[in-house]
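Predicted, not measured: the structure shown is a model, and the values here were computed from it.
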Amino acid sequence: MSDKYSGSCLCGEIAFEITGGFESFYLCHCSRCRKDTGSAHASNLFSTSAKLKWLSGEEKVKSFNLSGTKHAKSFCTICGSAVPSIQMDGKLLVVPAGSLDTALDMEASAHILIEDRAQWDNELEKAPMVEGLPN
């Protein structure tokens with residue numbers, strides 16, 4: 001059985017399709033992931049077997065590899081949204097979970113590098129939850 005997912009960037013210039021499953025889904029709290037997402041953690045899916053097909057906008061994808069590290073990110077050059085990237089010399093597909101337009105029937109495998117999390121990233125689930133925008 002093959003899973004199929006579709007996704008896009010915020011401005012809609014880039015669209016893609018993923019065929020195949022994901023082995024893991026990590027929420028990474030390291031300082032590099034916080035910097036490149038502007039959030040408490042990155043939420044990435046990983047696969048060594050799924051295939052990526054660009055449906056539109058592949059020429060608008062830019063990739064950044066942080067020198068001296070394994071940290072890499074691909075993004076839309078128009079809106080800056082994170083999009084999938086092929087890493088480790090083609091052996092690993094990394095898909096930002098938030099870039100998917102298709103529902104994902106998978107729970108996070110783990111929070112990782114929590115020892116490096118931001119000091120304000122502690123018990124965030126206890127913060128009030130508001131369905132819409134705050135008044």
Fill in: Distance in Å, Ser99 OG paired with Ile14 CD1, rounded so as to fall on 0.5 Å steps
10.0 Å
Worksheet entry | Atom pair CZ/SG of Arg34 and Cys28 - distance to nearest 0.5 Å | 9.5 Å
Worksheet item: Going by the salt bridge (charged side-chain N to carboxylate O under 4.0 Å, His left out) test, which pairs reach into residues 63-72, not counting sequence neighbours?
Response: none
Worksheet entry | salt bridge (charged side-chain N to carboxylate O under 4.0 Å, His left out) partners of residues 41-66, not counting sequence neighbours, each pair once | Glu13-Lys60
Discussion item. Before you tell me yes or no, could you show the steps for Asn44 and Phe25 under side chain to side chain contact (heavy atoms under 4.5 Å, CB included), namely the whole-Å CA-CA distance, both residues' side-chain angles and the distance that decides it to 0.1 Å?
Written reply: CA-CA 6 Å; Asn44 288 311; Phe25 179 9; over 6 Å; no
Practice prompt. Take Phe64 and Asp36, measure what side chain to side chain contact (heavy atoms under 4.5 Å, CB included) needs, and give me the verdict at the end.
Written response: CA-CA 10 Å; Phe64 171 76; Asp36 79 23; over 6 Å; no
Find out whether [X] and [Y] are in side-chain contact, i.e. whether some heavy atom of one side chain is under 4.5 Å from a heavy atom of the other.
X: Leu104; Y: Leu45; result: yes
X: Phe46; Y: Leu92; result: yes
X: Ile18; Y: Val95; result: yes
X: Val61; Y: Phe75; result: no

Can you name the closest pair of heavy atoms from [X] and [Y] and give their distance?
X: Ala50; Y: Gly21; value: CB-O, 3.7 Å
X: Asn65; Y: Ala72; value: OD1-CB, 2.9 Å
X: Ser109; Y: Ser24; value: OG-CA, 3.5 Å
X: Cys11; Y: Cys79; value: N-SG, 3.5 Å
X: Phe22; Y: Ser47; value: CD2-CB, 4.0 Å

If hydrophobic clusters are built by linking Ile, Leu, Val, Met, Phe, Trp and Tyr wherever their side-chain heavy atoms come under 4.5 Å apart, do [X] and [Y] end up in the same one?
X: Leu100; Y: Val83; value: yes
X: Leu93; Y: Tyr26; value: no
X: Val94; Y: Leu52; value: no

Worksheet item: Do Lys91 and Ile86 pass the side chain to side chain contact (heavy atoms under 4.5 Å, CB included) test, and can you show the C-alpha distance, the side-chain angles, and the key distance before you say yes or no?
Response: CA-CA 7 Å; Lys91 297 176 190 160; Ile86 309 247; over 6 Å; no
Discussion item. Please check if the number of heavy atoms outside Met88 that lie under 6.0 Å from its CE is greater than 12.
Written reply: no
Are any side-chain N or O atoms of [X] and backbone N or O atoms of [Y], one a donor and one an acceptor, separated by less than 3.5 Å?
X: Glu23; Y: Thr48; result: yes
X: Ser85; Y: Gln87; result: no
X: Asp116; Y: Ser31; result: yes

Item to complete: Scan side-chain atoms only and decide if Ser6 and Asp101 contain a donor-acceptor pair under the 3.5 Å cut-off.
Response: no
Worksheet item: So, Ser63 and Ser74: side-chain donor and acceptor under 3.5 Å apart, yes or no?
Response: yes
With sequence neighbours excluded, what pairs up with [X] under the side-chain hydrogen bond (donor to acceptor under 3.5 Å, both in side chains) test?
X: Ser39; result: none
X: Thr37; result: none
X: Ser43; result: His41

Item to complete: Determine, stepwise, if the pair Arg32 / Leu66 fulfils side chain to side chain contact (heavy atoms under 4.5 Å, CB included).
Response: CA-CA 9 Å; Arg32 293 175 183 143; Leu66 186 60; 3.6 Å; yes
Could you list the donor-acceptor pairs under 3.5 angstrom formed by side chains in residues 121-131, with sequence neighbours left out?
from   : atom 1 : to     : atom 2 : distance (Å)
Asp121 : OD2    : His29  : ND1    : 2.7
Glu123 : OE1    : Lys126 : NZ     : 3.0

Worksheet item: Do Phe16 and Tyr5 pass the ring-ring contact (aromatic ring centres under 6.0 Å, His included) test, and can you show the C-alpha distance, the side-chain angles, and the key distance before you say yes or no?
Response: CA-CA 8 Å; Phe16 59 89; Tyr5 304 92; over 10 Å; no
